[in-house]
Amino acid sequence: QLQAFGGGTVQPGGSLRLSCAASGSISSSISVAWFRQAPGRQRELVASITSVGITSYLDSLKGRFAISRGNTKNTVYLQMNNLKPEDTAVYYCNAGGKYYSSSVYVIGDYWGQGTLVTVSS
């Protein structure tokens, strides 16, 4: 089971940190990714991290977003800085897939519930 939380409303230029916590039968030694879907737009892979900490990002987000694992390894964070209105979306975490790049990936079996991020003045 995955639980995603940390969304909210923030002004442009602000920051948020999303959390994705794994529990139950989900091993901490699997890859995790964050996706987002804005109204009227396709879902896109924002960032991913492997079990050994290799990260990958949507090119347009490099330098603003950072994915990391917590000390206990069963929580993955998405730090989002300098947020823009176009970052407004529902953010989902996914685990157990293979995330080669933002355009080449295999969805994992586990989804967290979405958490809404709204960037607005």
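Atoms considered below: every heavy atom in the structure, side chains included; atoms not considered: hydrogens, waters and symmetry mates. The residues of the chain are indexed from 1 along the displayed sequence. Predicted model only: the values in this text are computed from it and were never measured.
Note that CZ of R17 is 7.0 Å distant from OG of S68, once rounded to the nearest 0.5 Å. Q11 contributes atom CD, which lies 11.5 Å from atom CG of L83 (distance to the nearest 0.5 angstrom). How far OG of S56 is from NZ of K62: 7.0 Å, rounded to the nearest 0.5 Å. Atom CD1 in I54 sits 12.5 Å away from atom CD1 in I67 (nearest 0.5 Å). Note that CG of N74 and CZ of R69 are 9.0 Å apart. Values are rounded to the nearest 0.5 Å. Rounding to the nearest 0.5 angstrom, the gap separating the OH atom in Y57 from the CD1 atom in I49 is 7.0 Å.
With respect to N94, the side-chain hydrogen bond (donor to acceptor under 3.5 Å, both in side chains) criterion is satisfied by exactly one of Y110, Y99, W34: Y99.
V32 is connected to L61 through a chain of hydrophobic side-chain contacts under 4.5 Å among Ile, Leu, Val, Met, Phe, Trp and Tyr, so both are in one cluster. When the side chains of ILVMFWY residues are joined at heavy-atom separations under 4.5 Å, either directly or via intervening members, V10 and V90 end up in two distinct hydrophobic clusters. No path of Ile, Leu, Val, Met, Phe, Trp and Tyr side chains, each step under 4.5 Å between heavy atoms, connects L18 with Y77, placing them in separate hydrophobic clusters.
Across S51 and S31, no two heavy atoms sit closer than the pair N-OG, 4.1 Å. Summarising the geometry of L78 relative to A47, their closest heavy-atom pair is CD1-CB, 4.0 Å, with the distance given to 0.1 Å. Shortest non-hydrogen contact noted between L2 and C20 is CD2-SG, 4.0 Å.
With sequence neighbours excluded, the residues that form a side-chain contact (heavy atoms from CB on, under 4.5 Å) with E44 are R36, L58. Residues satisfying the ring-ring contact (aromatic ring centres under 6.0 Å, His included) test with Y105, not counting sequence neighbours, are F35.
Two residues are said to be in side-chain contact when any heavy atoms from C-beta on lie closer than 4.5 Å; P85 and P12 meet this criterion. With contacts defined as side-chain heavy-atom distances shorter than 4.5 Å, the pair Q79/S15 qualifies. Annotation: side chain of M80 is in contact with side chain of Y91 (closest heavy-atom distance under 4.5 Å).
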Donor-acceptor pairs under 3.5 Å, side chain of residues 113-121 to any protein atom, not counting sequence neighbours: which ones?
from: Q113; atom 1: OE1; to: A4; atom 2: N; distance (Å): 3.2
from: Q113; atom 1: NE2; to: A4; atom 2: O; distance (Å): 2.6
from: T115; atom 1: OG1; to: G7; atom 2: N; distance (Å): 2.9

